[in-house]
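Given the structure is predicted, the values throughout are model-derived calculations rather than measurements. Worth knowing before you read on, the calculation uses all heavy atoms, side chains too, and leaves out hydrogens, waters and symmetry mates. First listed ligand is number 1; within each ligand, the first listed atom is number 1.
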Amino acid sequence: MHQNIPPADSADVLVVGAGPAGSSTAFHLAQSGLDVLLLEKSIFPREKVCGDGLTPRAVKQLVRMGIPLEEPDGWFPNKGLRIIGGGVRLELDWPELTSYPGFGLVRNRMGFDETLARTAEKAGARLLEGVTVTGPVLDAGGRITGVTARPAPGEDERSYSARLVVAADGNSSRLSLAMGLAKRDDRPLGVAVRTYYTSPRHRDDYLESWLELWDGDRLLPGYGWIFGMGDGTSNVGLGLLNTSAAFQRTDYRDLLKRWLAGMPAAWGYTEENRTEPMRGAALPMGFNRTPHYTRGLLLTGDAGGMVNPFNGEGIAYAMESGEIAGRVIAQALARPDRAGAELVLQGYPQALRDAYGGYYTLGRKFVGAIGHPWVMKFATRHGMPRPALMRFVLKLLANLTEPRGGDAADRVINALSKLTPAA
Ligand SMILES: Cc1cc2nc3c(=O)[nH]c(=O)nc-3n(C[C@H](O)[C@H](O)[C@H](O)COP(=O)(O)OP(=O)(O)OC[C@H]3O[C@@H](n4cnc5c(N)ncnc54)[C@H](O)[C@@H]3O)c2cc1C
């Protein structure tokens, strides 16, 4: 089929997609001394539709990669989360923990993704930009041994080969699909839209989250956000969950406009101040594509549906799964025989289940519950006026607890996550 393809370029590991999942995977693999080819279809810097908000979980991963995080480097710090709902406005600082830093960050994805990709490159990964992967190359047993790719528009397709391949190609993950891994429709999915406005609120040092999204007299299951970028603009957007009847019927851009029409004029969230188009994309949650390892292919980040169902955060989980995949692959490739390597690789889905399984099952129940408008109404009315309860809720929603010990809230959340079966 591919007789005219030039000789394949090869590596120990091919990583497809250089978003946070792919760059983190490539970084950790390169640090283990492996030869890594990181294939990215776009050319940096490039846009990615996102809220640009980073919790302490994501900051921890950036620190792991040795990335300088000062403001002159393009990062804007925040102290916590401001929640607005039920007639209450509550500022909750990120918890003080030994396991996570006490601050979050904001950075637009143009700079963020390029910084991560260049960091992987500096660690030794070979980054090829403008290379679109078109499909897997399989051996007679159906195991992936490489990929076919178009190096540039109009150029001939060629192939790359490796001992293992990582799908880090995001929510639609064509590579996973081509390997027979479709999305699971029993798992939650979010849809979110965002844009940017010049605003006097651009140096807000709290991430702001609005729990009540009204569509006429209907309360919708989702939330709106306003994140100061520190560069003269705010990233403003909203996300909804597929657990409600409203999910299919909603015009998201229109809802965003109507929500913003109710904001104080002084904040500047008006058409004249809009600096970017309103763009939307899906958030694949709670392991909505499994198994995370099959026949030589590992899934990381959105490709494996790893967005946190509680809060829609995906970057931290993309980077963490990249680190876990890097660790497992390095151990697998060190085994002298195929059977030994396979045994280690089968441990990757289990390592992910150990990290997030119970917590994501809880998240799916949460998402199911708030799909009922009365639950959402009850929770905002009765939860918001209770700051101690909301501090617990912040830890639960942002998945920020000490893994061992910690305070009573940490122990309750950890126990719930451990007791809830991973599925
Ligand atoms: C509106 C919105 C707001 C969000 N807000 C936040 C937020 O504030 N904080 C947060 O933590 N998360 C947020 N998320 C989720 C977050 O954006 C994702 O979870 C995260 O980007 C996942 O990273 P990833 O590396 O898995 O995938 P992606 O970031 O999608 O990266 C995939 C990469 O693969 C490349 N690629 C795709 N196909 C191919 C191919 N065939 N060949 C080569 N390369 C390919 C793409 O070009 C891309 O660079 C938001 C999502 C949306 C839609």
Check this for me - ligand 1, [X], N or O atoms closer than 3.5 angstrom, yes or no?
X	value
T300	no
I315	yes
G314	yes
K41	yes
V193	no
A303	no
R109	yes
N171	no

Between T115 and R107, a side-chain donor and acceptor under 3.5 Å: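 Judged by distance alone, the side chains do pair up.
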Polar side chain donor-acceptor pair, D139 to T145, under 3.5 angstrom: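 Per modelled atom types, D139 and T145 side chains form no pair under 3.5 Å.
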Hey, which atoms in ligand 1 end up nearer than 4.0 Å to a heavy atom of [X]?
X	answer
L39	43 (C), 44 (N)
G301	26 (O)
G19	25 (O), 31 (O), 33 (C), 49 (O)
A168	32 (C), 33 (C), 34 (O)
V131	42 (N), 43 (C)

[X] contact mode with ligand 1 (heavy-atom cut-off under 4.0 Å):
X	result
M306	neither
V307	side chain
K48	side chain
L283	side chain
A281	both
Y317	neither
A58	neither

Which residue holds the protein heavy atom closest to [atom], what is that atom called, and what is the gap in Å?
atom	result
atom 6 (C) of ligand 1	C50 SG, 3.4 Å
atom 34 (O) of ligand 1	G17 CA, 3.2 Å
atom 5 (N) of ligand 1	G51 N, 2.8 Å
atom 1 (C) of ligand 1	A192 CB, 3.4 Å
atom 19 (O) of ligand 1	D302 OD1, 2.7 Å
atom 27 (O) of ligand 1	G170 CA, 3.6 Å
atom 7 (C) of ligand 1	G53 O, 3.6 Å
atom 37 (C) of ligand 1	D169 O, 3.5 Å

Are [X] and [Y] close enough for a salt bridge, meaning some N to O gap below 4.0 Å?
X	Y	answer
E114	R109	no
R57	E313	no
R126	D9	yes
K79	D205	yes
R46	D113	yes
D204	R82	yes
R194	E47	yes

Would you say CZ of R295 has more than 12 non-hydrogen atoms from neighbouring residues, nucleotides or ligands within 6.0 angstrom?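 Check passes, neighbour count above 12.
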Verify the neighbour count for atom CD of E71: are there more than 12 heavy atoms of other residues, nucleotides or ligands below 6.0 Å?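 For E71, atom CD is crowded (more than 12 foreign heavy atoms under 6.0 Å).
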Establish, yes or no, whether the cationic atom of R289 lies under 6.0 Å from the six-membered ring centre of F287 and within 45° of the ring axis.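 No, R289 does not sit over the ring of F287.
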I want to confirm something. Looking only at heavy atoms, which of L38, D52, V133 is nearest to atom 42 (N) of ligand 1?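 Looking at heavy atoms only, the winner is V133.
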Interatomic spacing from [atom1] in [X] to [atom2] in [Y] - rounded to 0.5 Å:
X	Y	atom1	atom2	value
I84	R89	CD1	CZ	5.5 Å
Y197	I226	OH	CD1	10.0 Å
M65	Q31	CE	CD	8.5 Å

Test S234 against Y269 for side chain to side chain donor-acceptor pair (under 3.5 Å), laying out the working first. CA-CA 9 Å; S234 301; Y269 303 133; 3.0 Å; yes
Measure up the F310 and Y359 rings against each other and bin them: parallel (under 30°), tilted (30 to 60°), perpendicular (over 60°).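 Tilted, since the angle between the ring planes falls between 30° and 60°.
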Measuring from the heavy atoms of [X], does anything fall under 4.0 Å of ligand 1?
X	answer
E40	yes
G237	no
R46	yes
F227	yes
G312	yes

For a ring pair (Phe, Tyr, Trp, His ring centres under 6.0 Å) with W210, tell me which candidate from W259, F227, Y223, W225 qualifies.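 Filter result, single survivor: W259.
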Test log, rule side chain to side chain contact (heavy atoms under 4.5 Å, CB included), inputs M390 and I83: CA-CA 9 Å; M390 291 309 288; I83 310 181; 3.8 Å; yes
